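Values reported hereafter were calculated over all heavy atoms of this structure, with side chains retained and with hydrogens, waters and symmetry mates removed. Keep in mind that what you see is a predicted model, and the values were worked out from it rather than measured. For this chain, numbers begin at 1 and follow the sequence in order.
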Amino acid sequence: MENKIKICDLIFIAILIIIVIISSILIFAINSKEIGNNAKVYIEVNGSQHSVVPLSEDTEINIENVGTVIIEDSKVRIENALCNDKVCEHMGEISKSYQSIICLPNRTIIKIISNSEEFDDIAG
């Protein structure tokens with residue numbers, strides 16, 4: 001029995017390569033989606049809405065017993081976290097729709113919401 005590559009094997013390999021390339025392009029496109037000018041930063045503490053701020057508005061929000069949320073250059077991060085592990089600080093900045101920073105000890109969630117419809121779904 002010869003060990004030659006057949007035409008159908010080559011076609012199968014080519015189809016697999018095409019599927020991988022298309023999947024990679026789609027994943028990149030989804031992850032780099034522009035969030036637009038109406039993006040908001042939604043902050044929830046202890047299961048309740050704390051504040052909603054435009055992502056385009058540079059500001060600092062001091063949250064009692066949590067730390068400081070910094071919005072700067074359309075990016076969000078937390079500084080001076082009052083929890084012991086400071087995992088939320090180490091998460092770094094977020095800037096894309098549906099990225100989030102979570103502080104479990106302080107029961108705090110910070111999300112970016114890309115348009116008013118998505119915000120209404122979360123707030124309502």
Side-chain angles (χ1 to χ4, degrees):
M1 185 184 281
E2 290 186 32
N3 204 5
K4 292 184 178 180
I5 297 178
K6 298 179 182 173
I7 287 276
C8 54
D9 293 334
L10 290 175
I11 292 171
F12 180 72
I13 291 170
I15 290 172
L16 284 177
I17 290 172
I18 291 170
I19 289 171
V20 167
I21 290 171
I22 291 172
S23 298
S24 299
I25 291 170
L26 289 174
I27 289 170
F28 178 76
I30 289 169
N31 287 335
S32 64
K33 182 175 98 171
E34 289 296 320
I35 56 175
N37 294 334
N38 59 346
K40 307 246 188 255
V41 177
Y42 174 81
I43 302 171
E44 180 181 303
V45 180
N46 290 323
S48 299
Q49 178 179 316
H50 179 276
S51 54
V52 179
V53 181
L55 182 62
S56 59
E57 180 181 310
D58 290 356
T59 189
E60 292 185 13
I61 302 167
N62 293 311
I63 303 173
E64 188 175 341
N65 299 320
V66 175
T68 305
V69 175
I70 308 291
I71 303 172
E72 187 175 62
D73 298 327
S74 296
K75 296 177 184 171
V76 184
R77 68 182 183 280
I78 192 162
E79 291 183 353
N80 305 318
L82 300 176
C83 54
N84 290 331
D85 58 12
K86 303 205 185 289
V87 170
C88 52
E89 281 188 35
H90 299 297
M91 293 178 83
E93 297 179 328
I94 59 173
S95 61
K96 294 185 175 90
S97 179
Y98 285 110
Q99 286 183 319
S100 60
I101 297 173
I102 299 172
C103 182
L104 289 178
N106 291 322
R107 298 186 62 209
T108 302
I109 300 172
I110 302 165
K111 295 180 184 182
I112 296 177
I113 309 301
S114 68
N115 66 40
S116 58
E117 282 180 38
E118 292 168 352
F119 174 70
D120 290 341
D121 289 345
I122 288 175

message: Among residues at least two apart in sequence or on other chains, which ones pass salt bridge (charged side-chain N to carboxylate O under 4.0 Å, His left out) with Glu57?
response: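 Listed in chain order: nothing, the list is empty.
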message: Going by salt bridge (charged side-chain N to carboxylate O under 4.0 Å, His left out), name the residues that satisfy it together with Glu89, two or more places apart in sequence or in a different chain.
response: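 Result, salt bridge (charged side-chain N to carboxylate O under 4.0 Å, His left out) vs Glu89: none returned.
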Name all residues meeting the side-chain contact (heavy atoms from CB on, under 4.5 Å) criterion together with [X]; count only those two or more places apart in sequence or in a different chain, and write none if there are none.
| X | answer |
| --- | --- |
| Asp9 | Ile5, Lys6 |
| Ile22 | Ile18, Leu26 |
| Ser100 | Ile102, Lys111 |
| Asp85 | Cys83, Val87, Pro105 |

[atom2] on [Y] to [atom1] on [X], rounded to 0.5 Å:
| X | Y | atom1 | atom2 | value |
| --- | --- | --- | --- | --- |
| Glu44 | Thr108 | CD | OG1 | 9.0 Å |
| Ile110 | Ile78 | CD1 | CD1 | 4.5 Å |
| Cys88 | Arg77 | SG | CZ | 13.0 Å |

Do you know the tightest heavy-atom contact between [X] and [Y]?
| X | Y | result |
| --- | --- | --- |
| Asp73 | Asp58 | N-OD1, 3.0 Å |
| Asn106 | Asn65 | OD1-O, 3.2 Å |
| Ala39 | Ile112 | CB-CG2, 4.4 Å |

field: Beyond-backbone contact of Glu72 with Glu60, side-chain heavy atoms, under 4.5 angstrom
entry: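 A side-chain contact under 4.5 Å is absent here.
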query: Donor-acceptor pair, Lys40 side chain versus Ile113 backbone, under 3.5 Å?
result: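 Answer holds: no.
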field: Greater than 12 external heavy atoms within 6.0 Å of Lys75's NZ
entry: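 Result for NZ/Lys75: open.
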Ile15: hydrophobic cluster co-members (side-chain, 4.5 Å):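 Ile15 shares its hydrophobic cluster with Ile7, Ile11, Ile19.
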Residues clustered with Leu16, ILVMFWY side-chain links under 4.5 angstrom: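 Members alongside Leu16: Phe12.
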- prompt: What residue among Ile61, Ile70, Leu55 forms side-chain contact (heavy atoms from CB on, under 4.5 Å) with Val76?
  reply: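 Only match with Val76 under side-chain contact (heavy atoms from CB on, under 4.5 Å): Leu55.
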task: Please identify each residue that fulfils side-chain hydrogen bond (donor to acceptor under 3.5 Å, both in side chains) with Thr68, with sequence neighbours left out.
output: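 Testing Thr68 for side-chain hydrogen bond (donor to acceptor under 3.5 Å, both in side chains), a comparison that skips the adjacent residues, returns Asn62.
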message: Which residues pass the side-chain hydrogen bond (donor to acceptor under 3.5 Å, both in side chains) test with Glu93, not counting sequence neighbours?
response: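 Glu93: no side-chain hydrogen bond (donor to acceptor under 3.5 Å, both in side chains) contacts found.
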- request: Verify the cluster assignment for Val52 and Ile109: are they in a single hydrophobic cluster under the rule of side-chain heavy atoms below 4.5 Å apart?
  value: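 The answer is no; the residues belong to distinct hydrophobic clusters.
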